[in-house]
*Asks:* 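Can you read through this structure? Questions will come right after.
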Amino acid sequence: MKLSELLKNVNPQAIVGDAGIDVTGVKIDSRQVSSGSLFVAVRGTQVDGHQFISKAVEQGAKVVMCESLPDSLADGVTYVQVTSTEDAVGPVATQFYGDPTSKLKLVGVTGTNGKTTIATLLYNMFRKFGHKCGLLSTVCNYIEEEAIPATHTTPDPIELNELLGRMADAGCEYVFMECSSHAIAQKRIGGLKFAGGLFTNLTRDHLDYHKTVENYRDAKKAFFDGLGKDAFAITNADDKNGMFMVQNTKADVKTYSIRQMADFRARIVECHFEGMYLEIDGREVGVQFIGKFNVSNLLCVYGAAVMLGKQPEEILVAMSTLKSVNGRLDPIRSPEGYTAVVDYAHTPDALENVLNAIHEVLDGKGKVITVCGAGGNRDKGKRPLMAQEAVKQSDRVIITSDNPRFEEPQDIINDMLAGLNQKQLKKVISIADRREAIRTACMMAEKGDVILIAGKGHEDYQEIKGVKHHFDDHEVVRECFGAA
C-alpha cells in the first residue's frame with residue numbers, strides 16, 4: 001500500500017522523502033521489522049521507540065514515523081513527523097488492514113468487572129442466532145471457532161487491526177471486544193469504528209498505572225466520548241459513575257438497572273447454585289448463573305442485543321441456554337457434600353460480588369472458606385482491601401500466593417494482612433504455597449460449606465520471577481477431592 005494512502009487519516013507535521021513509496025507492513029516493534037516496513041516509534045510506558053529507529057532501518061524499514069526526526073537521516077528512507085505517534089498508529093494500522101470495522105459491527109465493553117463475561121456471552125448468543133462472530137477478550141480471541149491465544153485484554157493497534165481484518169475477511173458480522181483502561185489511555189483502539197459501547201461498573205483497579213481513581217475513570221469515559229452519533233451507549237445506572245461515563249457522548253444512550261427505573265430492568269425471582277429465575281422487562285427466564293452482579297451482566301447483554309436489532313423473546317430463549325465463562329463462579333462439587341467455587345475475582349469489588357452471590361444461595365446454611373491472594377507488581381493499595389472484603393463475608397480466610405511475578409509472595413501476603421485488626425486476624429491463616437492453601441481449605445470444609453478460590457479463575461499458570469509455571473485451580477481442587 002502507498003504511504004500516501006496510509007496517511008489518509010493522519011496530519012503529518014512534515015514528510016521527508018517519498019510519500020508515494022510502497023509499504024509492506026506496519027510495526028511498532030523494531031525486532032519485527034522487515035524489508036519495506038513502516039516503523040512507528042511509540043513512546044511506551046517502559047521504552048521509547050525512538051531509541052530503536054536506527055535498528056528498524058537496519059532491519060529494512062523504508063518509512064519511519066516519529067515525533068522528533070533523528071539527527072542523521074538514512075538514504076532511501078522516508079520520515080513522517082507527527083505530533084503524537086501514539087495517536088497516529090491506530091489510524092495508520094486501520095488503513096493498512098483495509099478499515100475492517102467499516103465492514104462489521106464492533107461492540108466494545110469497558111468497566112472494572114464483567115467485561116469478559118459480557119463480551120463472551122454476546123459472542124455466544126449471536127452465534128446461536130446464526131451470525132458469524134469474532135471475540136477479543138482476556139481469556140482468548142476467536143474468529144468464529146478458531147481460537148487465538150490472548151496476551152493482553154486488548155491487543156496493540158497493529159495486532160488488533162490485523163485480527164479485525166481477518167474477522168472481516170472470514171465474513172464476521174459482529175465482533176465483541178473488551179476495552180481495557182490501558183488500551184483506551186494508550187490509544188490502542190484509535191481509528192476503530194464502534195457500533196456500540198457498554199459500561200459495566202467502576203471500582204479501584206490498575207492504580208499502579210493510572211495513579212488515581214480519577215485518571216482510571218477518565219480513561220474509561222474517553223471510550224464513550226469517542227463514540228459516533230450513529231452508535232449506541234449502554235450504561236449501568238446502578239453504578240455511581242454510570243451516567244458520568246456517557247455525559248459527553250454523541251451516541252444514543254440507554255440504561256440498565258436492577259434497582260431503579262431504567263431502559264432495561266431485571267429482578268431475581270428465585271436463586272440456587274444451579275442458576276436463577278429472573279424477570280427481565282416483565283418476562284421470566286431461567287438462567288445458568290448466580291449472583292446479582294451476573295444479573296447486571298445479563299441485563300447488559302440483553303440491552304446490547306436489543307440495540308443490535310434482536311427481539312426480546314428470541315434474546316431470552318438464547319439467554320436461557322448460555323453458560324458461565326470459564327473461571328467465573330465455577331462450582332465443583334465434592335464427594336463429601338461441600339462445594340468449591342473457582343472465580344477470577346481479583347479486585348475488592350469483584351470479591352465482594354462473588355461472596356454476596358455465594359451467601360445469596362447459602363442463605364445461612366453453611367460456612368464460607370475463602371482462599372485468596374493478590375498479584376505482584378500491581379496496585380499495592382488494593383491488597384489490604386482484598387483481605388478486608390474476604391474477612392467481612394467469610395467464616396475462615398486463607399491468604400496465599402496469586403501471581404507474585406517479581407515480588408516475594410510473603411511480602412504480598414504481609415501487605416494484605418496489614419489491613420486487618422486483631423479480631424479479624426483470628427479467622428485468618430496465611431499459606432504462601434497456593435496448592436497447600438487450597439488443600440487446607442478442602443480439609444477444613446464440611447458438608448454444606450462453600451470454598452471460594454479467588455484470583456486466578458481461567459488462568460492455568462502461576463507467574464513467578466518472569467516464568468509461567470503450570471497451575472490450574474480447577475485441577476488442584478479435583479486432585480484434593482480425589483485424595484479425600
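These numbers come from the heavy atoms of this one structure, side chains and all, not from hydrogens, waters or symmetry mates.
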*Asks:* Can any side-chain N or O of His50 pair as donor or acceptor with the backbone N or O of Glu67 at less than 3.5 Å?
*Replies:*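 Yes, because the side chain of His50 sits within donor-acceptor range (under 3.5 Å) of the backbone of Glu67.
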
*Asks:* Tell me, with the steps shown, if Phe223 and Phe194 meet ring pair (Phe, Tyr, Trp, His ring centres under 6.0 Å).
*Replies:* CA-CA 10 Å; Phe223 169 63; Phe194 286 87; 5.0 Å; yes

*Asks:* Yes or no on side-chain contact (heavy atoms from CB on, under 4.5 Å) for Leu164 and Tyr97, after CA distance, side-chain angles and deciding distance?
*Replies:* CA-CA 8 Å; Leu164 288 166; Tyr97 288 102; over 6 Å; no

*Asks:* NE2/His469 to CG/Asp460 distance, rounded to the nearest 0.5 angstrom?
*Replies:*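 Result: 13.5 Å between the selected atoms.
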
*Asks:* Where does the angle between the aromatic ring planes of Phe264 and Tyr302 fall among parallel (under 30°), tilted (30 to 60°) and perpendicular (over 60°)?
*Replies:*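 Perpendicular: the ring planes of Phe264 and Tyr302 meet at over 60°.
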
*Asks:* Here's a test for you: under salt bridge (Lys or Arg N to Asp or Glu O under 4.0 Å), which of Arg383, Lys382, Arg378 qualifies with Asp415?
*Replies:*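 Checked Arg383, Lys382, Arg378 against Asp415; only one passes salt bridge (Lys or Arg N to Asp or Glu O under 4.0 Å): Arg383.
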
*Asks:* Would you name the heavy atoms of Leu452 and Ile358 that are closest together and state the gap between them?
*Replies:*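 So the minimum-distance heavy-atom pair works out to CB-CD1, 4.0 Å.
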
*Asks:* Is it the case that atom NZ in Lys105 sees more than 12 heavy atoms from other parts of the structure closer than 6.0 Å?
*Replies:*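 At most 12 heavy atoms, drawn from other residues, nucleotides or ligands, come within 6.0 Å of this atom.
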
*Asks:* Going by distance alone, is a donor N or O of one side chain under 3.5 Å from an acceptor N or O of the other, for Gln288 and Ser324?
*Replies:*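 No.
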
*Asks:* If you measure from the Lys or Arg side-chain nitrogens to the Asp or Glu carboxylate oxygens, is any gap between Asp156 and Arg188 under 4.0 Å?
*Replies:*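 Result for this pair is no, no salt bridge flagged.
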
*Asks:* Salt bridge or not between Lys367 and Asp395? Use side-chain N to carboxylate O under 4.0 Å.
*Replies:*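 Judged by the 4.0 Å cut-off on N to carboxylate O distance, Lys367 and Asp395 do not form a salt bridge.
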
*Asks:* Output yes when a side-chain donor or acceptor of Thr138 lies under 3.5 Å from a complementary backbone atom of Thr116, and no otherwise.
*Replies:*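 Between the backbone of Thr116 and the side chain of Thr138 there is no qualifying donor-acceptor contact (under 3.5 Å).
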
*Asks:* Should the heavy atoms of other residues, nucleotides or ligands under 6.0 Å from NZ of Lys310 be counted, would the total exceed 12?
*Replies:*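 For Lys310, atom NZ is crowded (more than 12 foreign heavy atoms under 6.0 Å).
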
*Asks:* With side chain to side chain contact (heavy atoms under 4.5 Å, CB included) as the test, pick out the partner of Ile438 among Val342, Val477, Thr400.
*Replies:*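 In the set Val342, Val477, Thr400, the residue that makes a side chain to side chain contact (heavy atoms under 4.5 Å, CB included) with Ile438 is Val477.
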
*Asks:* Quick one: side-chain hydrogen bond (donor to acceptor under 3.5 Å, both in side chains) partners of Thr339, sequence neighbours excluded?
*Replies:*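 Partners of Thr339 under the side-chain hydrogen bond (donor to acceptor under 3.5 Å, both in side chains) test: Arg333.
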
*Asks:* State, to 0.1 Å, how close Lys220 and Leu202 come at their nearest heavy-atom pair, and which atoms those are.
*Replies:*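 For Lys220 and Leu202, the tightest heavy-atom pair comes out as CG-CD1, 3.8 Å.
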
*Asks:* Less than 6.0 angstrom from the centroid, inside 45 degrees of the normal: does Lys221 satisfy that with respect to the ring of Phe244?
*Replies:*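 Yes.
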
*Asks:* Is the Lys NZ or Arg CZ of Lys456 less than 6.0 Å from the centre of Tyr461's six-membered ring, within 45° of the axis?
*Replies:*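 Geometry flag: set, cation within 6.0 Å and 45°.
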
*Asks:* Just grab all the salt bridge (charged side-chain N to carboxylate O under 4.0 Å, His left out) pairs involving residues 252-273, residues at least two apart or on different chains.
*Replies:*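 Those involving residues 252-273 are Arg267-Glu279.
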
*Asks:* Do His474 and Asp330 meet the criterion of a side-chain donor-acceptor pair at a distance under 3.5 Å?
*Replies:*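 Result is yes, a qualifying pair exists.
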
*Asks:* Are the side chain of Gln462 and the backbone N or O of Asp402 linked by a donor-acceptor pair below 3.5 Å?
*Replies:*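 Flag set: sc Gln462 to bb Asp402 pair under 3.5 Å.
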
*Asks:* For Tyr344 and Leu329, indicate whether the former's side chain and the latter's backbone hold a donor-acceptor pair under 3.5 Å.
*Replies:*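 A pair under 3.5 Å: no.
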
*Asks:* Using 4.0 Å as the upper bound for N to carboxylate O, is an ion pair formed by Asp473 and Arg434?
*Replies:*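 Answer for the salt bridge query: yes.
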
*Asks:* Establish, from distance only, whether the side-chain atoms of Asn113 and Asn353 form a donor-acceptor pair under 3.5 Å.
*Replies:*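 No, no side-chain donor-acceptor pair sits under 3.5 Å.
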
*Asks:* Between Asn294 and Asn297, do the side chains contain an N or O donor and an N or O acceptor separated by less than 3.5 Å?
*Replies:*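 Yes, because at least one side-chain N or O of Asn294 sits under 3.5 Å from a partner of the opposite role on Asn297.
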
*Asks:* List the steps, then state whether side-chain contact (heavy atoms from CB on, under 4.5 Å) holds for Ile332 with Arg478.
*Replies:* CA-CA 8 Å; Ile332 307 172; Arg478 292 191 176 97; 4.1 Å; yes

*Asks:* Examine distances only and state if a side-chain atom of Asp449 and a backbone atom of Gly366 form a donor-acceptor pair shorter than 3.5 Å.
*Replies:*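 Side chain of Asp449 to backbone of Gly366, a donor-acceptor pair under 3.5 Å: no, none is there.
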
*Asks:* Write down the atom of Pro91, the atom of Val10, and the distance for their closest heavy-atom approach.
*Replies:*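 Minimum heavy-atom separation between Pro91 and Val10: CB-CG2, 4.3 Å.
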
*Asks:* What orientation do Phe126 and Phe176 show, parallel under 30°, tilted 30 to 60°, or perpendicular over 60°?
*Replies:*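 Correct class here is tilted.
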
*Asks:* I'd like to know if Lys392 and Glu352 make a salt bridge, using a cut-off of under 4.0 Å between side-chain N and carboxylate O.
*Replies:*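 No, Lys392 and Glu352 are not salt-bridged.
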
*Asks:* Using a 3.5 Å distance criterion without hydrogens, assess whether the side chain of Gln260 forms a donor-acceptor pair with backbone atoms of Ala237.
*Replies:*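 Side chain of Gln260 to backbone of Ala237: a pair is present.
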
*Asks:* Return the minimal non-hydrogen interatomic distance between Ile28 and Val42, and the atom names on each side.
*Replies:*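 Shortest heavy-atom separation between Ile28 and Val42 comes out as CG2-CG2, 3.9 Å.
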
*Asks:* Can you name the closest pair of heavy atoms from Pro157 and Val89 and give their distance?
*Replies:*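 Taking every non-hydrogen atom into account, CG-CG1, 3.7 Å.
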
*Asks:* Can you name the closest pair of heavy atoms from Gln393 and Asn356 and give their distance?
*Replies:*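 Shortest heavy-atom separation between Gln393 and Asn356 comes out as OE1-OD1, 2.8 Å.
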
*Asks:* Starting at CD1 of Ile280, measure out to CG of Leu299 and round the result to the nearest 0.5 Å.
*Replies:*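 Answer rounded to 0.5 Å: 6.0 Å.
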
*Asks:* Checking side chain to side chain donor-acceptor pair (under 3.5 Å) for the pair Ser257/Asp238: CA distance, chi angles, key distance, verdict?
*Replies:* CA-CA 6 Å; Ser257 172; Asp238 293 333; 2.6 Å; yes

